[in-house]
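Following: one structure in structure tokens, then a few remarks.
FYI, side chains are in, hydrogens and waters are out, and symmetry mates aren't considered; it's all heavy atoms of this structure. Residue indices begin at 1 and follow the sequence shown.
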Amino acid sequence: MRQPHGNKRLVCCLPSKLAILLFFTQLGCLSQLSSQREAKKKPNNMESREDERGHPLLRGGRRKSGYTHGFSPAQIQSLSAICETLVPSMPFDTTNKDNTAHLRAVHAFYKSSGAEPPIPDEVGELMVKRGQPKAISFVKVVLTLLSFRLGTLLLCGWLSCDWKWPFIHKFSEIPVERREKILMKWSGNAHPLPLRAVFALIKTYCLFVFFSTTDEKSENPASKAIGYSVDNRQKKAYPQGRPLQNGIIETMHEDDSTFVQSLTEKGFEVIEDPQHNIYKIKCDVVIVGSGCGGGVAAAILASSGQKVVVIEKGNYFAPQDYTSLEGPSMFELYESGGFLTTMNGKFMIMAGSTVGGGSAVNWSASIKTPKNVLKEWSVDHQISFFGSSEYELAMDAVCKRIGVTENCTEEGFQNQVLRKGCENLGLKVEAVPRNSPENHYCGSCNLGCRTGDKNGTASTWLVDAVSCGAVILTACKAEKFILENNKDARRKKKCLGVIATSLNKNLTKKLQIEAKTTISACGSLLTPPLMISSGLKNPNIGRNLHLHPVLVAWGYFPEDASGIEGKMYEGGIITSFHRVVSEESNVHAIIQTPALGPASVAALSPWVSGRELKERIAKYPRLAHLFTLIRDQGSGEVMEEGKINYRLSEVDKENLKIGLRQLLRILIAAGAEEVGTHRSDGLRIKCKGLTEKSLEEFLDNDLIVGGLGSKDEYWTMYFSAHQMGSCRMGATEDEGAVDENGQSWEAQGLFVCDASVLPTAIGVNPMVTIQSTAYCISNKIAQLLKE
């Protein structure tokens, strides 16, 4: 009978370790090996000082290395001119003559410009690193044309002309006021060249960099002026070290000489194969991904006695590592640094990319799967366990393990706005269960929960897994599954494990992780490309992708006028929500509150002029943002990594419109002075003295417009924080990519255990649904392995 793997394994390995140490001592190599191992460790007092500042990757500060963006000096000159247009230097008019620190900061903010070093170079670096290569190539062409007079005339028309010599100016020579008009023409008018996309790309990256770049003190110059302060609450202390320390191997800190020892110390068999340049690692179960699905699977299977290896392409951060700095945190914790879009640029997609996956950065909402969804999945899709007591018990077990609470002792500013607006309109507002204590007042959990009160998988399920002997390899990316032909006629292939590569170039060999069972848990955006690149052909793989499309609107609430206290970046992120229902009780949409730092607000909001931008961001703490989310019937596909296509259905557009209209009414009813949408022209309305007729005329505007590729005058950016269904479970091979047990229809021993198996969209925050589904699947796997 298999025994659980825990600390006893280490005791059993002591004689062999002693022999190894003696061997190295005789060769005179012990001091060298020790120095390599100790290089990764710091004295306790050093660790304490480092913890106060957070993890080095999350601290920000000035760049220590050179730029590799490849832009020429002429292109950078054009880019600087665009950045200056987006964030121009301008006078700040005030009758207040007091020379206070805040007033000095405001003056400095208005005087600052997007052309100031290192902003343009940082924008170029970020675009090249995160943007789609074809788009960046076209941006470079445009910037080159703008560095010449005739090129500027071609792209900018008569606005580049003057009555004085030289009559035609290159872009950087045109006055800022005219440059603003040029950018608005690019944004609003159809053009044979995709200049709208160039505008949107540079605008998004420029404004994010401007408001997130920090100095040596980890401070952004604009923060004081706009009334924003980074969360600096006391971090949770872990006297015994980081929660997963005993089971983590951070491959970014390893090399060929230390990696094998790190694994053997944890009781895993490693065989070096120099001929094929690989390390063969033996285990019972290998799991790709450590988020809501992978974390649960690791805990269930490790506790059942299986030897488990989890590979995660992101890095590991514990509460004491988090800094709440928007720029470095987004870059490290999110897929593509938070700048992942659909191929047409219409959707901005947020997905976690760190140990804990989405559970490390989500907004704590822990809502059980709606009953109507479970009925649809169990009856219409014939997946029986969704209608069983087994699934209900799984939801209960998940909620207990992640510490779900039903109430909130104190709501933050945005949730107060949502609640007050609903109550004033006579609408029902519901409390949102959260995987944190009822008094958890944290507005920066989207950048990692520094207090450690949010119970993501890195502080719950993965802790359980590690305590049972599981090992997590970070900065380690899966390349393909190891498949061989199978004699079983039902499944033509058999999965023997996974080939992976460390993102650290000092680890020169690939990893061949061989296992009885392989689980893909890398999410709806990465599981399908991994399966397809491994040779699987089921037509459901990569299709049926649902995004829970989101549109955002805002309302401005002056501090003294609204009766609502607080700032938008304080308090629990989602503690209340409203369901927009029809007379027949059908849910059109839900309305909730987002977490948006200053850089995200600036980058993702419409830009109409430099002055409007600065005046709006100066109001940042009192700008309440709400969003409407729908259970989408339209769908998309993701066949290759990073290449996402998606189309809204007509029903989806109508539901978004209904939700957005309701959202704007809620903001007005809560006492907003002004409300606005994210339509490209900055559509907004003053609320004082607003009549019902005027409001209806405003709401009758074209609220649901296309994306960047639209031929219409107006466009907007849609958002997604939930991706699901791209490797859906089906009763037959024709209806799904995996069966009811989560096993691939094509490959024996290959299971999927993440949001991609969900048959349809859910319509609410999916964390509990994903974990409960993973709980059921992994218990079935444990049973199969025992048999």
Side-chain angles (χ1 to χ4, degrees), residues 342 344-349 370 372-373 376 380 418 421-422 425 427-430 544-554 577-594 606 625-637 644-669 675-681 683-685 692-693 695-725 759-766:
T342 50
N344 61 6
K346 185 173 181 176
F347 277 80
M348 183 74 77
I349 296 175
N372 65 301
V373 175
E376 180 184 323
D380 297 348
L418 174 57
C422 286
L425 290 172
L427 302 174
K428 183 179 180 181
V429 59
E430 302 175 48
N544 313 300
L545 174 66
H546 295 280
L547 297 181
H548 277 176
V550 160
L551 282 176
V552 180
W554 57 270
F577 82 116
H578 166 64
R579 300 180 202 262
V580 184
V581 298
S582 66
E583 293 180 358
E584 296 80 22
S585 298
N586 295 320
V587 178
H588 290 294
I590 63 173
I591 295 174
Q592 294 180 331
T593 58
H625 289 77
L626 305 182
F627 67 82
T628 183
L629 176 153
I630 62 165
R631 185 187 182 204
D632 47 328
Q633 295 183 18
S635 65
E637 61 182 39
I644 304 161
N645 293 292
Y646 182 85
R647 182 179 293 274
L648 290 164
S649 72
E650 291 304 314
V651 173
D652 294 337
K653 293 176 184 178
E654 182 62 25
N655 284 335
L656 278 167
K657 180 179 180 180
I658 292 169
L660 192 57
R661 285 171 60 95
Q662 186 84 302
L663 185 162
L664 289 163
R665 284 186 173 277
I666 290 169
L667 286 167
I668 294 168
V675 299
T677 72
H678 275 201
R679 203 174 75 173
S680 56
D681 63 334
L683 178 67
R684 63 181 66 191
I685 190 170
E692 180 62 26
K693 181 181 177 182
L695 175 57
E696 275 298 323
E697 289 176 354
F698 173 73
L699 296 177
D700 285 340
N701 274 285
D702 196 359
L703 299 178
I704 308 303
V705 293
L708 283 176
S710 168
K711 301 298 183 183
D712 299 326
E713 181 179 2
Y714 305 126
W715 54 278
T716 192
M717 179 69 77
Y718 293 76
F719 303 95
S720 166
H722 310 149
Q723 303 87 43
M724 65 216 89
T760 68
I762 309 166
V764 295
N765 309 71

Item to check | Stepwise side-chain contact (heavy atoms from CB on, under 4.5 Å) check, Leu683 with Leu703 | outcome: CA-CA 9 Å; Leu683 178 67; Leu703 299 178; 3.8 Å; yes
Next on the checklist: side-chain contact (heavy atoms from CB on, under 4.5 Å), that's the test. Do Ile685 and Val675 meet it? Break it down for me.
Outcome noted: CA-CA 6 Å; Ile685 190 170; Val675 299; 3.6 Å; yes
Next on the checklist: I'd like to know whether Glu637 forms a salt bridge (Lys or Arg N to Asp or Glu O under 4.0 Å) with Arg647, so could you lay out the CA-CA distance, the side-chain angles of the two residues, the decisive distance to 0.1 Å, and finally the verdict.
Outcome noted: CA-CA 9 Å; Glu637 61 182 39; Arg647 182 179 293 274; over 6 Å; no
Next on the checklist: Quick one, Asp700 with Lys657, criterion salt bridge (Lys or Arg N to Asp or Glu O under 4.0 Å). Give me CA distance, side-chain angles, the key distance, then yes/no.
Outcome noted: CA-CA 10 Å; Asp700 285 340; Lys657 180 179 180 180; 6.0 Å; no
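Side-chain contact between Val550 and His722 is absent, with no heavy atoms from C-beta onward closer than 4.5 Å. Residues Leu648 and Lys346 are in side-chain contact: their nearest non-hydrogen atoms beyond the backbone lie under 4.5 Å apart. Put simply, the side chain of His548 reaches to within 4.5 Å of the side chain of Asp632, judged on heavy atoms. The shortest side-chain heavy-atom distance between Tyr646 and Pro549 falls under the 4.5 Å cut-off. Between Thr677 and Leu664 the shortest side-chain heavy-atom distance falls below 4.5 Å. Two residues are said to be in side-chain contact when any heavy atoms from C-beta on lie closer than 4.5 Å; Ser710 and Val705 fail this criterion. Here the side chains of His678 and Met717 are not in contact, with every heavy-atom distance at 4.5 Å or above. Proximity of Leu545 to Ile644: side-chain heavy atoms (C-beta onward) are separated by under 4.5 Å at one or more points.
The six-membered or imidazole ring of Phe627 lies away from that of Phe719, with a centre-to-centre distance of 6.0 Å or more.
Defined by atom type and a distance below 3.5 Å, a donor-acceptor pair is present between the side-chain atoms of Gln592 and Asn765.
When atom types are taken as modelled, the side chain of Thr628 and the backbone of Leu656 share no donor-acceptor pair closer than 3.5 angstrom.
Considering all non-hydrogen atoms of both residues, Leu629 and Gly763 come closest at CD2-O, 3.8 Å. Between Ala669 and Gly421, the shortest heavy-atom contact is CB-O, 3.7 Å. Shown here for Arg631 and Thr760, the closest heavy-atom pair between the two residues is NH2-OG1, 2.9 Å.
Separation of atoms NE2 (His588) and CZ (Arg579) is listed at 14.0 Å; rounding is to 0.5 Å. Expressed to the nearest 0.5 Å, how far CG of Asn655 lies from CD1 of Ile704 amounts to 10.0 Å. How far CD of Glu376 is from CD1 of Ile762: 11.5 Å, rounded to the nearest 0.5 Å.
Salt-bridge check for Glu713 with Arg679: failed, with every basic side-chain N at 4.0 Å or more from each acidic carboxylate O.
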